[in-house]
Each structure stands twice: as C-alpha cells, then as structure tokens.
Amino acid sequence: MEKLQGLRGMVDLLPDQITLWQKIEETARRHFKQAAISEIRTPLLEATELFSRGVGESTDVVSKEMYSFLDKGERNCTLRPEGTASVVRAAIQHGLISQGPQRLWYSGPMFRYERPQAGRQRQFHQIGVEFLGFVEPRSDIEAIQLAWDLLKDTQVKNLTLELNSLGDSSDRKMYRQTLIKWLEGHSQQLDEDSQHRLKTNPLRILDSKHPSTKALLQEAPILKNSLSRESLERFEKVQIGLDELGIPYTVNPFLVRGLDYYSHTAFEITTTELGAQATICGGGRYDDLIKQLGGPSTPAIGWAIGMERLALLIAQFAEKKTHREQKIYVVNRGESAESFALMVTRNLRLKENIVEIDLSGASFSKQLKRADRSGARWAIIIGDSEVQQGKVILKDLRSGLEKIAKEERINLDTLLKRFV
RNA sequence: GCGGGCGUCGCCAAGUGGUUAAGGCAGCGGCUUGUGGCGCCGCUAUUCGGGGGUUCGAAUCCCCUCGCUCGCCCCA
C-alpha cells in the first residue's frame with residue numbers, strides 16, 4: 001500500500017506545536033476583549049465574484065492564486081484567500097453596518113495557490129481586525145496600536161512598522177497617470193514583470209524588488225506629491241498620533257500593497273528574522289470597498305496577522321520548559337484495581353483535575369516509567385491489595401528516587417479532599 | 001509558473017558500484033510477577049520516495065516521475 005500524504009502546502013499542526021498556537025490565540029483574544037472588539041465567523045467558501053470584485057481582478061491573488069471550482073449546482077465557488085471581503089460581505093448582508101460602526105475580529109484558515117516556502121503555505125491562518133464605519137485618522141491609530149501591542153505582547157523582537165498613504169481614489173488616479181507617463185518614458189529600463197505590470201497594475205511596480213527597477217524608481221515621481229491637501233493632512237495626523245503613543249515607524253513611500261481595495265493609510269509590520277517572507281502583519285484603510293460590494297458607502301480600516309509567521313518567530317525566542325504539570329497519572333494493575341482506577345479517575349476529573357489513566361495493564365515498573373515521562377506531578381498507584389484496604393498510594397513524582405519514602409497510603413475520601 | 005538544494009526506519013543520520021544496509025534518539029520486551037529519572041541485554045528497514053535503464057552485481061551511475069525544501073513572483 002502506498003502511503004497517503006497531505007496535499008502540498010497543507011500542513012498539519014502536531015500536538016507539540018499546538019500549545020504555542022493556543023498561546024497566540026489567547027493573547028489575541030485578550031487584546032480584542034480589552035479593546036471591545038467582537039468576533040465574527042464567516043464561511044471558508046464564498047462566491048468567486050466576491051473576491052474578483054472586492055480584492056481586484058488584476059491582483060495576483062485573484063488572477064492566479066485562488067482555489068476556485070464549480071459546485072454541483074454549477075455555482076462558481078472560491079476558498080477565501082483573505083478575510084476582509086468575507087467580513088464586509090457578511091456585515092452588508094446582515095445589515096450590521098446600518099446598525100452603526102462595527103469593531104470586528106476574525107481568525108481562521110485562508111487559501112492561496114502558490115509555491116510553498118518558508119513562512120508561506122497554501123492553507124495559512126490569519127487573525128484579523130476590521131473597523132467598519134470609522135473615518136477618523138484616530139481609528140487608523142487605534143487599529144495600528146492594537147496590532148503593535150498585540151505583537152509586542154507575544155514577546156516578538158525586532159519588529160518594524162512601515163507606513164505609507166495611498167491617498168483617496170482621485171489622488172491615486174492622478175498619480176497613476178503621472179507614474180505611467182514617466183515609466184513609459186523609461187520602459188526600456190524596466191524588468192520584464194514590471195513592463196507587463198505597467199499595463200495591468202502600474203502602482204505595484206513601486207514595490208518591485210528587482211534591483212535595476214528599484215534603482216530607477218528612486219528617480220520616479222512619488223505618490224506623496226499627488227496627494228491632495230486633505231489626504232496629506234490626514235496622513236500627518238496618523239503619524240502624529242503614533243508619535244504620541246510612542247510607537248516607532250518609518251514612512252516607506254514605496255509601500256503600496258497588493259490588494260486593490262486599500263486607500264489612504266497602508267502599513268506593514270515586518271521582521272528581519274524570517275527570511276524572504278518578512279511581513280507578519282499587513283493592513284490599511286479601505287474606504288471604497290463596502291460600497292463596491294453593494295453596501296452603503298462606509299469608510300473602514302483593518303489588518304491581518306499571519307499566524308504561521310508569528311508562530312515561527314516566537315518559536316525562535318521561546319525556550320523549552322520541562323517542568324511538571326499539575327497532572328495526576330493513575331497507575332493500576334489487577335482485575336479489581338482496574339475498574340476501581342477508572343472510578344477514581346472519573347471522580348478526580350469531576351473535581352477538575354487533569355488525570356491520565358494507564359490502560360496498558362503493564363507492570364507497575366513500566367507504568368511508573370510512563371507516569372514519569374508523561375511529566376505528571378503525581379502518581380496514584382492502585383493494585384488489588386489497595387482496593388481491599390480501600391486505599392490508594394499517592395506518590396509525589398517530583399520527589400525523586402532518593403526520597404522514595406515520599407508516598408502515602410490514603411483512603412479515597414482523603415484523596416478527593418486533597419485534590420479539589 | 002520559473003530557478004537552486006535534497007529525498008536511506010517515527011526522528012537524526014553513516015554508506016558514493018561488490019556477499020548480511022552502521023550508529024544515535026524514540027518505541028517495545030527483559031534484568032525488576034507490585035513501584036519512576038541511571039545502567040545493562042535483546043527486538044524493531046528482504047530495503048534505500050516511485051518507475052525504468054546500464055551492469056555479472058546499484059542505496060550508490062543514467063533517464064523519467066513524485067515529494068520536500070529554499071528562493072523568484074506575490075503576500076499574512
């Protein structure tokens with residue numbers, strides 16, 4: 001028989017990695033709760049149109065990275081490649097937006113058909129926040145602050161916040177023309193990708209990593225010069241707000257982000273510790289998206305953190321702890337002892353203890369060895385003679401071999417009183 | 001979609017053309033028919049990702065294929 005394998009880019013999270021993930025999730029939940037943000041859960045599967053209209057037809061995500069298929073009713077479906085479009089769709093569909101501003105968070109798997117590499121999988125996980133119905137620059141500041149503090153709280157080091165303003169749609173339209181015009185004059189010096197993008201998505205050329213293109217762009221007209229007075233003032237307010245909160249950032253005029261819906265503030269939180277995939281949080285304002293998806297014209301801002309990347313980063317700093325947990329391991333052997341042990345186990349669990357029972361029937365020596373390796377703090381030993389006396393042996397596994405006397409025979413009542 | 005690296009037991013790995021494919025960890029059994037961290041003994045790959053070829057003979061050479069991995073592109 002041939003061995004079955006998971007699909008490429010679909011990774012399993014094994015038990016010893018889960019603790020780390022749970023820690024991240026707990027930290028995030030705590031921050032969201034304190035910031036009065038509500039959770040929202042939307043389906044993994046959506047109509048393809050949601051993303052082609054929302055994220056943008058010409059983006060890489062939509063044009064080449066979606067898991068799309070026809071279902072049995074001939075509907076065009078897509079596994080969500082990102083979270084914002086779904087959240088916005090749900091908010092429109094259920095009239096959330098007309099009930100006033102919404103502060104929402106989500107977490108879950110996203111799907112993008114790309115070649116996997118370090119920090120990039122086909123199924124990956126994001127934790128994200130969406131503020132719907134907020135115009136004020138202060139909402140940008142709060143959103144960024146939230147992401148920054150959350151990441152800091154996970155003990156991650158060496159983070160950089162990069163910031164830019166894309167202006168509103170008319171700013172961008174104007175800049176687009178200026179940029180196209182200028183680039184066309186220098187098209188010979190552009191790399192192949194960028195030449196192609198000149199026709200499809202010229203703004204994306206800005207954050208090209210191609211060395212010669214990068215050099216060329218130093219001379220190119222910059223986005224900032226096309227921003228209206230209002231857009232510029234808005235961007236300044238965001239920066240001042242971050243200064244006041246003491247959150248360090250650098251303005252990166254080439255930061256444009258790959259999704260069409262962004263406007264005004266765009267930002268990324270990056271690290272140098274992760275190899276090529278340096279962005280662990282990305283986000284920005286999307287004032288036109290909700291209207292574009294058929295909702296009332298509503299300004300909004302949001303961001304998403306890549307769980308895999310964050311987990312990878314944290315794992316670098318985390319040291320393995322080997323201390324014993326508050327677990328009780330029930331060693332048992334013999335006919336009457338085995339059923340008695342199940343009863344004891346159950347009663348201890350009813351008192352909210354963590355209890356593992358040995359089901360092997362192996363020798364006491366074997367079972368104790370397993371108890372030790374399992375990292376349990378206590379062992380309870382039950383043999384047939386204990387059952388007859390109505391007692392069990394309670395042993396402190398911490399005490400070590402020398403203090404082998406550190407065990408006691410106690411009756412069940414005393415035991416249950418001990419472990420409340 | 002395009003490049004580079006790699007694929008020997010659950011994990012780490014030696015072996016680079018010659019009769020039986022090292023070793024370590026983990027696992028299992030025993031020394032110890034009722035007591036844990038150490039030690040000792042034993043067991044665990046008819047087979048080297050898969051297929052084809054070269055050869056008297058291949059894990060070792062060639063071809064194809066699959067997978068993993070890093071990078072490009074792009075993004076979280």
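The structure presented is a predicted model; accordingly, all values stated were derived computationally and were not measured. Note on naming: letters A, B, ... go to the chains in the order of the sequence lines (proteins, then strands), and numbering restarts at 1 for each one.
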Just checking A:Arg309: base, sugar-phosphate only, or nothing, at a heavy-atom cut-off of under 4.0 Å? base

Candidate nucleotides B:A76, B:G29, B:C70, ranked by approach to the side chain of A:Lys366 - the nearest: B:G29

For A:Trp182 and A:Leu216, the nearest pair of non-hydrogen atoms, with its separation, is CH2-O, 3.5 Å

Within the structure shown, what part of the strands sits under 4.0 Å from A:Glu386 by heavy-atom distance: base, sugar-phosphate, or nothing? base

Rounded distance in Å between the P positions of B:U20 and B:A59: 10 Å

Centre-to-centre under 6.0 Å for A:Tyr113 and A:Tyr67, is that the case here? yes

Round to the nearest Å and state the distance from A:Arg8 atom CZ to B:C70 atom P. 12 Å

Choose from B:G34, B:A76, B:C73 the nucleotide whose nearest atom is closest to any side-chain atom of A:Glu114. B:A76

Looking at B:C48, which nucleotide sits across from it as a Watson-Crick or G-U wobble partner, both distances under 3.5 angstrom, or is there none? none

Do the side chain of A:Glu335 and the main chain of A:Glu338 share a donor and acceptor less than 3.5 angstrom apart? no

Can you tell me how far P of B:G27 sits from CG of A:Asp372, to the nearest Å? 12 Å

Sugar-phosphate only, base, or nothing, as touched by A:Ile381 at under 4.0 Å among non-hydrogen atoms: base

Write down the distance between CG (A:Asn332) and C1' (B:U35), rounded to a whole number of angstrom. 13 Å

Nearest whole angstrom, please: distance from the P of B:C70 to the CG of A:Leu312. 9 Å

A:Leu14 CG to B:C11 C1': how many Å, rounded? 12 Å

Between A:Glu46 and A:Arg89, is the closest basic N to carboxylate O distance under 4.0 Å? yes

Base, sugar-phosphate, or nothing: which does A:Gly119 touch, judged by heavy atoms less than 4.0 Å apart? base

P spacing across the pair B:C6 / B:G10, given as an integer number of angstrom: 23 Å

For B:C68, the nucleotide meeting Watson-Crick or G-U wobble distances (both under 3.5 Å) is B:G5

Touch check for A:Ser363, heavy atoms < 4.0 angstrom, all strands: base, sugar-phosphate only, or nothing? sugar-phosphate

With both distances under 3.5 Å as the test, what is the Watson-Crick or G-U wobble partner of B:G27? B:C43

Tell me which nucleotide among B:U33, B:A76, B:G36 gets nearest to the side chain of A:Leu259. B:A76

Which value, in whole Å, describes the distance between the P atoms of nucleotides B:G15 and B:U8? 14 Å

Looking at B:G71, B:C74, B:G34, which one has an atom nearest to any side-chain atom of A:Gln117? B:G71

Among the nucleotides B:A76, B:C2, B:G36, whichever has the atom closest to the side chain of A:Arg115 is B:C2

Rounded to whole angstrom, note down the P distance from B:U16 over to B:C62. 15 Å

Contacts of A:Glu268 and A:Gly9 projected onto RNA chain B by closest heavy atom; the upstream (5') one is A:Gly9

Both distances under 3.5 Å, Watson-Crick or G-U wobble: report the partner of B:A21, or none. none

Please measure how far the C1' atom in B:C11 lies from the corresponding atom in B:G3, and state the result in whole Å. 30 Å

Rounded to the Å, how far apart are A:Leu255 CG and B:C74 P? 14 Å

For A:His196, look at atom NE2 and say whether over 12 heavy atoms of other residues, nucleotides or ligands are found less than 6.0 Å away. no

Is it the case that the base of B:C73 and the side chain of A:Arg120 share a donor-acceptor contact (distance under 3.5 Å, atom types as modelled)? yes

Given atom CZ of A:Phe364 and atom P of B:U33, what is their separation to the nearest angstrom? 12 Å

Write down the distance separating the P atoms in B:G18 and B:A13, rounded off to the nearest Å. 24 Å

Nearest to the side chain of A:Arg373, heavy atoms from C-beta on, is which of B:A76, B:A26, B:G36? B:A26

B:A76, OP1 or OP2 - any side-chain N/O from A:Arg257 closer than 4.0 Å? yes

Check if the side chain of A:Ser365 and the base of B:G36 share a donor-acceptor pair of N or O atoms closer than 3.5 Å. no

Determine whether a donor-acceptor pair (N or O, by modelled atom type, separation under 3.5 Å) exists between the side chain of A:Ser68 and the backbone of A:Thr78. no

Ignoring the backbone of A:Gln126, work out which of B:C68, B:A76, B:C74 is nearest its side chain. B:A76

Can you tell me, in whole Å, how much space there is between the C1' of B:C43 and that of B:G49? 27 Å

Would you confirm whether the ring centroid of A:Tyr249 sits within less than 6.0 angstrom of the ring centroid of A:Trp148? no

For A:Pro116 and for A:His125, locate the closest nucleotide of RNA chain B by heavy-atom distance; then report the residue assigned to the nucleotide nearer the 5' terminus. A:Pro116

Identify whether any heavy atom of A:Glu65 sits under 4.0 Å from a base atom; if not, whether one sits that close to sugar-phosphate; answer base, sugar-phosphate or nothing. sugar-phosphate

Side chain of A:Arg257, backbone of A:Gly284: donor and acceptor closer than 3.5 Å? no

Report the distance from atom CD of A:Gln367 to atom C1' of B:U33, rounded to the nearest whole Å. 14 Å

Looking at every strand, decide which applies to A:Ala371 at a 4.0 Å heavy-atom threshold: base, sugar-phosphate, or nothing. nothing

Measure from the side-chain heavy atoms of A:Leu368 and tell me the nearest of B:G36, B:A76, B:C28. B:G36

Say you draw a straight line from CD of A:Glu273 to CD1 of A:Ile280; how long is it, rounded to the nearest 0.5 Å? 10.0 Å

Let's test your reading of the model: under 3.5 Å, does the base of B:U35 pair with the side chain of A:Lys369 as donor and acceptor? no

Does A:Gln121 contact B:A76 through a side-chain donor or acceptor facing the base, at a distance under 3.5 Å? no

Euclidean distance for P, B:G52 against B:U47 (whole angstrom): 14 Å

Would you mind telling me which of B:C72, B:G36, B:C74 lies closest to the side-chain atoms of A:Arg197? B:C74

